[in-house]
Asks: 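Structure below; questions to follow.
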Amino acid sequence: MDTERGLTWDIAKQLVDQLMFASTDKHLSDIEGQVLQGAWEGKSYALIADELGYTLEYINSDVGYGLWSKLSKATGEKLTKRNFRGALERQWLGQGMNGAAPSSARSVAVAVPKQAACPHYVDRQPTEQRCFEAIVQPGALIRIRAPRKMGKTWLVEHILHYAEQQDYQVVPLNLLRVESAVVSDLERFLKYFCTRVTRQLKLENKLSDYWDDELGSNTSCTEYFEEYVLQQTDRPIVLAIDNVDRLFPHTEVAANFFSLLRAWYEDARILPDWQRLRLIIAHSTEVYPTINVNRSPFNVGLAIELTDFTAEQIAQLLQSQHTAGANDAPTSPDALKPLFDLIGGHPYLLQQALDFLRSSPDTTLETLIKIAPTEAGPYAQHLRNLLDPLQKNEEMGAAMKNVLQAKTPIRIKSGLGFMLHSLGLVRFSGNKVEISYPLYQTYFDELIEEF
């Protein structure tokens, strides 16, 4: 959306490129331009990362941080994703709208334009408000659980955005990025953890000054945070760790790291330094039985479980699509009932369907329902991604066969149930599991002999 005074995206991009070149002798890079455009359009970092095929951590902490730092230096103002448009407007007006700027004109005051609402995001109230209220509490801990593609990353990013508005420092970490050799070794993992946090906070790495093999990895990690990281700022630090279930199969690493987080949470009750550290942990499945929850963060703090969108949230999403100009897609919950019967209120599956209908105006809802569980439908890649682990893991594939063939919820090995649930393929009904959506039942029934 362009500003009322006529500053368009194309002009804004040229202006940013000129400012950065004058300040750094380097032009705006391709990835910086893409992130800038996403921010200009009011998109969240999570959506930008998803559209560009990068991780949220990279887009937020590497590209985004560097971009706003350069722009701040170039303009002489403290710029962020939230306020840069107003600053660019002032720069543009200060240049007389033609590039020839009297320096005195740069003081013109212009209201910061409100960013456009993102049509892909749906507020999950009162969940979000509870998270916002929790994250401002000293020593806060929020734990978010949901199968993949249910909106964990969206919610984490939204909490981090709120934390930034409070002038907190934010550090997103995604454990899916970590190599298997690192997550399976306690010392390597904790050193990686410390190093990554240090880098994202733009601090000098002093790990060698604090790491003591005689004291052990957990103590060394704790002292590094307590005596160095937390002493570098008086602002709260929000540390968000996504996909922590990546550690669950590695018993030693999981037990030590989770007991470490629990100890930090307990320390925050009495120690002011630790109260500045706020934790968010997100995972896709239940905690493994081998993990002692009483020595972990999984039975303290604020627990959030994301499920399907409610009818009200679906209506909100449809309305936001309509408001954003997505008028080719159905906007009536009643009209989309056959789709809901197939996919429930699954956030990702619903959004993909709406995008497909909008981009394929000649495709009817009836046709979409017919092709949805096939390679010709909008879920083809998603379904292939779910099929792949079933083909590679014979035991998990056999368990999935049993679930598909059962008429009622059945019991399977708990570990297999956790893995299928983390993929979103099954839902728990007490200690039993059943297929989560008719879409998956139809698709996998056709391929049951392939895994």
Side-chain angles (χ1 to χ4, degrees), residues 1-49 51-52 54-116 118 157-158 160-172 199-203 232-233 235 237-238:
M1 183 183 297
D2 299 334
T3 60
E4 294 179 0
R5 302 212 177 201
L7 179 60
T8 66
W9 157 243
D10 289 335
I11 295 174
K13 182 180 180 182
Q14 293 176 13
L15 176 60
V16 170
D17 188 64
Q18 292 171 3
L19 290 169
M20 289 182 61
F21 186 77
S23 176
T24 67
D25 289 329
K26 293 183 180 180
H27 289 287
L28 191 69
S29 70
D30 290 342
I31 185 64
E32 288 174 334
Q34 291 170 321
V35 170
L36 183 71
Q37 183 174 7
W40 178 269
E41 295 171 355
K43 296 177 180 177
S44 68
Y45 278 134
L47 179 57
I48 296 171
E51 290 180 341
L52 298 181
Y54 293 101
T55 65
L56 170 61
E57 181 182 345
Y58 173 69
I59 293 298
N60 182 7
S61 301
D62 293 342
V63 181
Y65 181 90
L67 176 62
W68 309 128
S69 295
K70 294 175 186 176
L71 269 179
S72 296
K73 180 179 179 181
T75 61
E77 299 184 51
K78 174 61 176 177
L79 298 191
T80 67
K81 183 172 177 286
R82 299 187 307 276
N83 69 6
F84 80 98
R85 287 188 61 161
L88 292 184
E89 177 86 1
R90 290 190 287 276
Q91 289 286 330
W92 184 59
L93 291 173
Q95 293 180 7
M97 303 185 190
N98 61 15
S103 59
S104 61
R106 294 186 181 179
S107 62
V108 177
V110 179
V112 178
K114 183 179 180 180
Q115 291 184 342
C118 173
E157 199 272 345
H158 216 46
L160 293 180
H161 178 68
Y162 179 80
E164 286 182 316
Q165 292 179 317
Q166 315 310 308
D167 198 31
Y168 295 174
Q169 293 179 279
V170 300
V171 180
R199 180 179 178 185
Q200 292 201 54
L201 292 174
K202 309 302 175 184
L203 300 175
Q232 304 308 304
T233 179
R235 297 158 57 195
I237 298 172
V238 181

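Values in this document were obtained by computation on a predicted structure and should not be read as measured data.
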Asks: Under the rule for ring-ring contact (aromatic ring centres under 6.0 Å, His included), what residues qualify as partners of Y162, not counting sequence neighbours?
Replies: F132
Asks: For E41 and Q37, which I'm curious about, is there any donor-acceptor pair between the side chains at under 3.5 Å?
Replies: yes
Asks: Quick check: closest heavy atoms across A12 and W40, and the distance to 0.1 Å?
Replies: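 Result for this residue pair: CB-CZ3, 3.5 Å.
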Asks: Can you name the residues that form a side-chain contact (heavy atoms from CB on, under 4.5 Å) with K73, not counting sequence neighbours?
Replies: S23
Asks: Decide side chain to side chain contact (heavy atoms under 4.5 Å, CB included) for K81 and L67; before the verdict, give the C-alpha distance in whole Å, the side-chain angles of both, and the deciding distance to 0.1 Å.
Replies: CA-CA 9 Å; K81 183 172 177 286; L67 176 62; over 6 Å; no
Asks: As an exercise, state the distance from OG1 of T24 to NZ of K70, rounded to the nearest 0.5 Å.
Replies: 6.5 Å
Asks: Salt bridge (Lys or Arg N to Asp or Glu O under 4.0 Å) with D10: which residues, sequence neighbours excluded?
Replies: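 Testing D10 for salt bridge (Lys or Arg N to Asp or Glu O under 4.0 Å), a comparison that skips the adjacent residues, returns none.
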Asks: To the nearest 0.5 Å, how far apart are NE2 in H27 and CD in Q18?
Replies: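 With rounding to 0.5 Å, NE2 (H27) is 10.0 Å from CD (Q18).
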Asks: State which residues pass side-chain hydrogen bond (donor to acceptor under 3.5 Å, both in side chains) with S29; sequence neighbours excluded, sorted by chain then number.
Replies: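 Expected list: E32.
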Asks: Among residues at least two apart in sequence or on other chains, which ones pass side-chain hydrogen bond (donor to acceptor under 3.5 Å, both in side chains) with Q165?
Replies: none
Asks: Looking at every non-hydrogen atom in both residues, tell me the closest pair between P172 and Q200 and how far apart they are.
Replies: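 The answer is O-NE2, 2.9 Å.
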Asks: Quick one: salt bridge (Lys or Arg N to Asp or Glu O under 4.0 Å) partners of R199, sequence neighbours excluded?
Replies: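 Result, salt bridge (Lys or Arg N to Asp or Glu O under 4.0 Å) vs R199: none returned.
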Asks: Residues two or more places apart in sequence or in another chain: which of them pass side-chain contact (heavy atoms from CB on, under 4.5 Å) with Y65?
Replies: S69, K202
Asks: Excluding sequence neighbours, so at least two apart, what forms side-chain contact (heavy atoms from CB on, under 4.5 Å) with A163?
Replies: Y168, V170, V238
Asks: Hey, are the side chains of T80 and E164 touching, using non-hydrogen atoms and a 4.5 Å cut-off?
Replies: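 No; the side chains remain at least 4.5 Å from each other.
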Asks: Looking at every non-hydrogen atom in both residues, tell me the closest pair between W9 and G33 and how far apart they are.
Replies: CH2-O, 3.8 Å
Asks: Of the non-hydrogen atoms in W68 and L79, which two are nearest, and what is the gap between them?
Replies: CB-O, 3.4 Å
Asks: Looking at CG of N60 and CG of L160, how far apart are the two atoms once the value is rounded to the nearest 0.5 Å?
Replies: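 If we round to the nearest 0.5 Å, N60:CG and L160:CG are 7.0 Å apart.
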Asks: For L19 and L88, which heavy atoms make the closest approach, and how far apart are they?
Replies: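 What the structure gives for the nearest pair is CD1-CD2, 4.3 Å.
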Asks: Is a donor on one side and an acceptor on the other found under 3.5 Å between the side chain of D17 and the backbone of L28?
Replies: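 A pair under 3.5 Å: yes.
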Asks: Quick check: do T75 and F84 have side-chain heavy atoms less than 4.5 Å from each other?
Replies: no
Asks: Do I31 and I59 have side chains that approach each other closer than 4.5 Å (heavy atoms only, starting at C-beta)?
Replies: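 They are in contact (side-chain heavy atoms under 4.5 Å apart), so the answer is yes.
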Asks: Could you work out, with side-chain hydrogen bond (donor to acceptor under 3.5 Å, both in side chains) as the rule, every residue matching T233, not counting sequence neighbours?
Replies: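 Testing T233 for side-chain hydrogen bond (donor to acceptor under 3.5 Å, both in side chains), a comparison that skips the adjacent residues, returns Q169.
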Asks: Nearest 0.5 angstrom please: D30 CG to L52 CG, how far?
Replies: 11.0 Å
